[in-house]
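Please read these numbers as outputs of a predicted model, since none were measured by experiment. Heads up: numbering here begins at 1 and tracks the sequence.
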Amino acid sequence: MKQVIPDSRVTPGHPDHALLSAIAGDITARAGGAATLADAIGSLLRNCVDDVIMTPKTGRRSYDDLEKTEKTYIGTRVEIELRTLLSLSKGRLDTVILGHDVDIKHTMGGNWMIPTEAIGHPCILMAADEARAICHLGLIVARRDYLTEGQNKDAKRTVSAAGFSDILWLLAQQPYPRNFWQTVPPDAVARIFAAGSGNRRMAALFREVQGRPISRDVVEAVAQQRDFMRRIRADGGSGTRDQLAREGILLLSGQYDAALIAGLGLRPCTASQFISYRPRSQAQAQMATAHGLALDWTAT
């Protein structure tokens, strides 16, 4: 996607302003408001990309690891997920909004491929930039004047440089969650996956990445085992929590340890997230003990 997005000229007086503003309003209302829409689109894109990467099954940890056909499928997945998110029905094109046939296009690159059947119709344009972790959501009426003269072998055209100004943006340069593995130093990633058994890999994960919530999906990706949740719990002295406690590190669950997480001043976790932390004082260690978690404070 362009480093700099030109200002939209879709303002009162523009031929598409009334139509695109109405569609934008409907989309925002269906999402529950502008802020909710921004969060939901970010989560949608993160999940669509990560679900195709399939780290737990494939061991891949980046969009760049995907095959060409898999990258293409992400666009289809985004279309399906967006219709579900907004409770939209399938239409002659990808969906129908306010009685108008609307195409949904997504790109992980710099432009969108507009098919001939979408010419003259409104299009939802979505884009995800994995390198910068920013996304875009816009609307355009796919008029020939806004598209390139050239086309590919399937007669698809892209939005011209001038046509970018005819996009009404709902989200532009909007941050969205990074792929977890892109936020961990490469040397730490190497230590995690070289640790040996699933239990040791999970211990390495929570040893290397402390003080930040980690999702079940990441835990599953590291464990690469069916009963990965058993490994994360105390397990007769051999579980991940037991091992880390002997090292003076707490492994906390957002579902069961929310009070302690708050008491320690850590970032809030959802019920499906975990966070590890090495207490910085005896008072914090005693707080954990009062919560029912044994900890080898001398190991710190």
**Request:** May I ask you to test the Leu250-Leu264 pair for a side-chain heavy-atom distance under 4.5 Å?
**Result:** yes

**Request:** For side chain to side chain donor-acceptor pair (under 3.5 Å), just list the numbers for Tyr63 and Asp50, CA-CA rounded to whole Å, side-chain angles, deciding distance to a tenth of an Å, and then say yes or no.
**Result:** CA-CA 8 Å; Tyr63 171 78; Asp50 286 351; over 6 Å; no

**Request:** Treating Ile, Leu, Val, Met, Phe, Trp and Tyr as nodes and any side-chain heavy-atom pair under 4.5 angstrom as an edge, say whether Ile249 and Phe274 lie in one connected cluster.
**Result:** yes

**Prompt:** Quick one: do Ile119 and Ile167 end up in the same hydrophobic cluster if we chain Ile, Leu, Val, Met, Phe, Trp and Tyr together by side-chain heavy atoms under 4.5 Å apart?
**Reply:** yes

**Prompt:** Is the side chain of Gln173 donor-acceptor paired with the backbone N or O of Val4 at a distance under 3.5 Å, no angle test?
**Reply:** no

**Request:** Output, in order, the C-alpha distance, side-chain angles, deciding distance and verdict of side-chain contact (heavy atoms from CB on, under 4.5 Å) for Leu66 and Ile74.
**Result:** CA-CA 10 Å; Leu66 298 180; Ile74 289 175; 3.8 Å; yes

**Prompt:** How about His291 and Asp257: does a side-chain donor come under 3.5 Å of a side-chain acceptor?
**Reply:** yes

**Message:** Regarding Glu208 and Arg201, does a basic nitrogen lie under 4.0 Å from an acidic carboxylate oxygen?
**Reply:** no

**Item:** Lys NZ or Arg CZ of Arg241 over Phe206 ring: under 6.0 Å, within 45°
**Value:** no

**Prompt:** Applying the 4.5 Å side-chain criterion to the ILVMFWY set and letting contacts propagate, would Met126 and Val102 be lumped into a single cluster?
**Reply:** yes

**Message:** Please find the pair of heavy atoms, one from Ile275 and one from Gly211, that lie closest to each other, and give the distance.
**Reply:** CD1-C, 3.5 Å

**Item:** Ionic contact status for Arg246 with Asp296, cut-off 4.0 Å
**Value:** no

**Asked** Does a side-chain N-to-carboxylate-O contact under 4.0 Å join Asp26 and Arg30?
**Response** yes

**Request:** Please name the pair of heavy atoms, one in Arg267 and one in Arg212, separated by the smallest distance, quoted to 0.1 Å.
**Result:** NH1-CB, 3.6 Å

**Request:** Would you check if there is a donor-acceptor pair between the side chains of Arg9 and His17 at a distance under 3.5 Å?
**Result:** no

**Asked** Ile53, Ile214: one ILVMFWY side-chain cluster at the under-4.5 Å cut-off?
**Response** no

**Request:** Begin from the C-alpha positions of Val159 and Thr148 and carry the test side-chain contact (heavy atoms from CB on, under 4.5 Å) through to its verdict.
**Result:** CA-CA 6 Å; Val159 178; Thr148 56; over 6 Å; no

**Message:** Is a donor from one side chain sitting under 3.5 angstrom from an acceptor on the other, for Asp166 and His14?
**Reply:** yes

**Item:** Pair Asp129-Tyr176, side-chain donor/acceptor within less than 3.5 Å
**Value:** no

**Fill in**
One should read off an interatomic distance between Leu37 CG and Leu137 CG, to the nearest 0.5 angstrom, of 6.0 Å

**Message:** Could you walk me through whether Phe164 and Trp112 satisfy the ring-ring contact (aromatic ring centres under 6.0 Å, His included) test, starting with their C-alpha distance in whole Å, then the side-chain angles of each, then the deciding distance to 0.1 Å, before giving a yes or no?
**Reply:** CA-CA 11 Å; Phe164 264 80; Trp112 302 268; 5.7 Å; yes

**Prompt:** What's the shortest heavy-atom distance between Gly120 and Val141, and which atoms?
**Reply:** O-CG1, 3.9 Å

**Prompt:** Should the pair Glu67-Arg60 be classified as a salt bridge under the 4.0 Å nitrogen-to-oxygen rule?
**Reply:** no

**Asked** How far apart are the closest heavy atoms of Ala245 and Leu295, and which atoms are they?
**Response** O-CD1, 3.8 Å

**Asked** Are Lys105 and Asp94 ion-paired here, with the side-chain N under 4.0 Å from a carboxylate O?
**Response** no

**Request:** Measure the shortest side-chain to side-chain distance between Gln273 and Gln255 over non-hydrogen atoms and say whether it is less than 4.5 angstrom.
**Result:** no

**Asked** Just how far is it from atom CE of Met113 to atom OG1 of Thr72, taken to the nearest 0.5 Å?
**Response** 11.0 Å

**Message:** Can you confirm whether the side chains of Arg83 and Ser89 place a donor and an acceptor under 3.5 Å from each other?
**Reply:** no

**Request:** Tell me, with the steps shown, if Leu252 and Leu266 meet side-chain contact (heavy atoms from CB on, under 4.5 Å).
**Result:** CA-CA 10 Å; Leu252 306 175; Leu266 303 178; 4.2 Å; yes

**Asked** Quick check: does any side chain N or O of Gln284 sit under 3.5 Å from a backbone N or O of Arg280, one acting as donor and the other as acceptor?
**Response** yes

**Fill in**
For Ala288 and Leu260, the nearest pair of non-hydrogen atoms, with its separation, is CA-CD2, 4.0 Å

**Worked check of side-chain contact (heavy atoms from CB on, under 4.5 Å) between Gln174 and Ile134** = CA-CA 5 Å; Gln174 174 71 33; Ile134 57 174; over 6 Å; no

**Prompt:** Hey, any chance Ile124 and Leu98 share a hydrophobic cluster, counting ILVMFWY side chains that come within less than 4.5 Å of each other, even indirectly?
**Reply:** yes

